[in-house]
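Only a predicted model underlies this, so the values are computations on that prediction, with no experimental measurement involved. Naming convention: chains lettered A, B, ... in sequence-line order (proteins, then strands); numbering from 1 in each chain.
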Amino acid sequence: MENRLRIKTILMEKPLGRELCVQGWLKSKRDSKGLSFLDLTDGSTLAGLQVIAPESLPNYATEITRLSTGCSVSARGTLVASPAKGQEVELQSSEITVYGWAPPETYPLQKKRHSFEFLRSIAHLRARTNSLGAVARVRSRLSWAIHLFFQQRGFFQVHTPIITTSDCEGAGEMFAVTALDLEKIPRAGGGAVDYSQDFFGRPASLTVSGQLEAEAYALALGNVYTFGPTFRAENSNTSRHLAEFWMLEPEMAFCDLEGDMNLAEELLKFLISDCLENRAEDMDLFSRFVDKDLLKRLDNVLRHDFVRISYSEAIRQLEKSGRSFTFPIAWGVDLQSEHERYLAETLFGRPVIVTDYPETIKPFYMRLNDDGKTVAAMDILFPGIGEIIGGSQREERLEQLLARMEAAHIPLENYQWYLDLRRYGTVPHAGFGLGFERIIQFVTGMGNIRDVIAFPRTPGSAILA
RNA sequence: UCCCCGGUAGCUCAGUCGGUAGAGCAGGUGGCUGUUAACCACCUUGUCGGCGGUUCGAAUCCGUCCCGGGGAGCCA
């Protein structure tokens, strides 16, 4: 295959007069007298390269005139300064090879804007559009930036298992994993499913969190993070939920809640500024066509320290707000969306970290505070999207952990390994979870989470690939 | 899962009081032009989301299911 130059490189370096070859897909074609203008994109960058196809090309009449949006071609020629407005440089082609046609009668993408809803129905083709291509590039950059951030700080990535046999992780409904023939399920006495005949000899599920396993490695390597697919079988039909999504979960030994918050705030700011710096062109597209206030909102996050407020203080602020909320405010009740929005959007107008929630509304692994009523938890609330991070200092004291697990009716026999972490060389540690698609949503301004993942899986929908 | 709104041409949508459908864009043909959301003229396109019901007659009214949007719950 001919050695090609990527369009991003060409537009950056503008090697005028040089003979080169580009390969990509046609965004549009405009015919003129004696020549055609081809708008070529190869995915390396948002902008396309204008290719001039003169009618002197041997295949001009037979092929070039038949080209349409979506066709794939290879173009060889000389890069020249463009005499017309709209682009600095263009490729004066001397040879164009057509790889694949895209019959315009059936090719779903047109030379115009499509609704995200429609594009979702052609998920295998939508990355060829400007906006979804930009999302894909930003997603890739954010993923890389996460690794950069943690690797620079001496964190080790741990690949925690996708399949888990901890049958009660307490983070929602789980997808069962089985090799049993569902038409002939083996039954034990009493009619219960006989899992001893299943692949693992016991019930198994797709993971809803890698946190507990990450804790084990944090208590060996110090600072670790897991970053991978996570599954929830919740019947959640919203623009913020997926059945399969990616979650980042750092876990730090010898770390308390404050250190946890500091890292989370630093991370979020790093990710945002990294995208602004390294995907400026795509970010510009989002700010022009997806969300006009995007850059202002991102800048607002970068400029300010996050507000840090205890749950109890948040309740007091809500009580004296004078607002009438649909859900009543009372100490001990979890904050509702409307409450979180009031705090982050109305009262403070910037990200808010709410800490020290009542222990009754938080999971068993969160560390009990000295007041005996609250736990060392923290939720980061962003204006516009609500909770983006949930984290805590973990309960490292065996006795207290056992008490909370028993109160929550956690089957201890499945968690002996977790308790071992407290029996042997326990240390204070903390961590948090960041929904990867949610940070992509925030950074891009995309309204629906299904449009920031390549092939979204949601209740009733797992189309394609 | 709950509440509200929607599903009509390839796409985005209009369709009044129930009388079996339109526009723009796309596509096709021709013309024009260093064009860039190209332009001008003409032409084509429909199981009106599925199923059932009311009616002489249903895109329109009723029921139900599916899908999508907004909000809520759950959460990341």
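- Within the 3.5 Å criterion, the main-chain N or O of A/N369 finds no donor-acceptor partner in the side chain of A/T374.
- B/C75 atom C1' lies 13 Å from atom CD of A/Q441, rounded to whole Å.
- The gap from the P atom of B/U1 to that of B/G53 amounts to 27 Å, rounded to the nearest Å.
- Between A/F149 and A/F270, the ring planes are tilted. Angles from 30° to 60° get that label.
- A gap of 8 Å separates the C1' atoms of B/A59 and B/G15, to the nearest Å.
- As judged by a 4.0 angstrom heavy-atom cut-off over every strand, A/L248 is placed among residues making no nucleic acid contact.
- B/G63 is paired with B/C51 under the criterion used here, namely a Watson-Crick or G-U wobble arrangement in which both key atom distances are under 3.5 Å.
- Across B/G18 and B/C61, the matching C1' atoms stand 8 Å from one another, rounded to whole Å.
- Pairing for B/A58 is absent, with no Watson-Crick or G-U wobble pair whose two atom distances lie under 3.5 Å.
- As judged by a 4.0 angstrom heavy-atom cut-off over every strand, A/E340 is placed among residues making no nucleic acid contact.
- Looking only at atom types and distance, the side chain of A/E281 has a donor-acceptor partner in the side chain of A/T45 under 3.5 Å away.
- When both distances must be under 3.5 Å, the Watson-Crick or G-U wobble mate of B/C42 is B/G28.
- Checked by distance alone, A/E173 brings no side-chain donor or acceptor within 3.5 Å of a matching partner on the base of B/U1.
- Ring orientation note: the planes of A/Y311 and A/Y357 are tilted relative to one another, at an angle of 30° to 60°.
- Here, B/A9 and B/G24 have their P atoms 16 Å apart, quoted to the whole Å.
- B/G31 atom P lies 21 Å from atom CZ of A/R30, rounded to whole Å.
- Using a cut-off of 4.0 Å between Lys/Arg side-chain N and Asp/Glu carboxylate O, A/K111 and A/D39 are scored as not salt-bridged.
- Not a single donor-acceptor contact under 3.5 angstrom links the side-chain atoms of A/E105 to the base of B/G10.
- Atom name P, nucleotides B/U55 and B/G46: the rounded distance is 32 Å, in whole Å.
- Nucleic acid contact for A/Q50: base, since at least one base atom lies under 4.0 Å from a heavy atom of the residue.
- With respect to A/L268, the side chain to side chain contact (heavy atoms under 4.5 Å, CB included) criterion is satisfied by exactly one of A/V443, A/I389, A/V301: A/I389.
- Using a cutoff of 4.0 Å between basic side-chain nitrogens and carboxylate oxygens, A/E266 and A/R153 are scored as salt-bridged.
- Distance noted for atom C1' between B/C67 and B/G49: 8 Å (whole Å).
- B/U35 atom P lies 16 Å from atom CD of A/E55, rounded to whole Å.
- A/S236 places no side-chain N or O within donor-acceptor distance of the main-chain N or O of A/L242, the cut-off being under 3.5 Å.
- Straight-line distance from the CG atom of A/L26 to the C1' atom of B/A26: 16 Å, rounded to whole Å.
- Residue-level contact check: A/S82 touches the bases, meaning some heavy atom is under 4.0 Å from a base atom.
- Here the separation of B/C32 from B/A41, taken at their C1' atoms, is 11 Å to the nearest Å.
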Listed pairs, N/O of protein and of nucleotides 41-51 of chain B, under 3.5 Å:
none

Using atom names, set out every protein N or O paired with an N or O of nucleotides 68-73 of chain B below 3.5 Å, distance rounded to 0.1 Å.
unit_1 : atom_1 : unit_2 : atom_2 : d
B/G68  : OP1    : A/R450 : NH1    : 3.2
B/G68  : O3'    : A/R120 : NH1    : 3.2
B/G68  : O2'    : A/E117 : OE1    : 3.1
B/G68  : O2'    : A/E117 : OE2    : 2.6
B/G69  : OP1    : A/R120 : NH1    : 2.4
B/G69  : OP1    : A/N448 : ND2    : 2.6
B/A72  : OP1    : A/R341 : NH1    : 2.8
B/A72  : OP1    : A/R341 : NH2    : 3.2
B/G73  : OP1    : A/Q336 : OE1    : 2.6
B/G73  : OP1    : A/S337 : N      : 3.4
B/G73  : OP2    : A/S337 : OG     : 2.8
B/G73  : N2     : A/N235 : O      : 3.3

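- A salt bridge links A/K362 with A/D379: the closest approach of a Lys/Arg side-chain nitrogen to an acidic carboxylate oxygen falls below 4.0 angstrom.
- Counted by atom type alone, A/S312 and A/W331 present one or more donor-acceptor pairs between their side chains at under 3.5 Å.
- Backbone-only engagement by A/P104 is indicated by non-hydrogen atom pairs under 4.0 Å involving sugar-phosphate atoms exclusively.
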Take A/F432 and A/L263 through the test side-chain contact (heavy atoms from CB on, under 4.5 Å) and record every step on the way to the result.
CA-CA 10 Å; A/F432 60 83; A/L263 185 84; 3.8 Å; yes

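- The phosphate of B/C75 (OP1 or OP2) has no side-chain N or O of A/R232 nearer than 4.0 angstrom.
- Across all strands shown, A/I439 has no heavy atoms under 4.0 Å from either base or sugar-phosphate atoms.
- Here A/F245 lies in heavy-atom contact (under 4.0 Å) with a base.
- A salt bridge does not link A/E338 with A/R323: none of the charged nitrogens is closer than 4.0 Å to a carboxylate oxygen.
- Distance check on atom P: B/C48 versus B/G70 gives 28 Å, rounded to whole Å.
- In this structure, A/S68 and A/R113 both approach RNA chain B, and ranking their closest nucleotides by distance from the 5' end singles out A/R113.
- Contact annotation: A/K111 does not reach the phosphate of B/G27 (side-chain N/O to OP1 or OP2, under 4.0 Å).
- Here B/G68 sits opposite B/C5 as a Watson-Crick or G-U wobble pair (both hydrogen-bonding atom distances under 3.5 Å).
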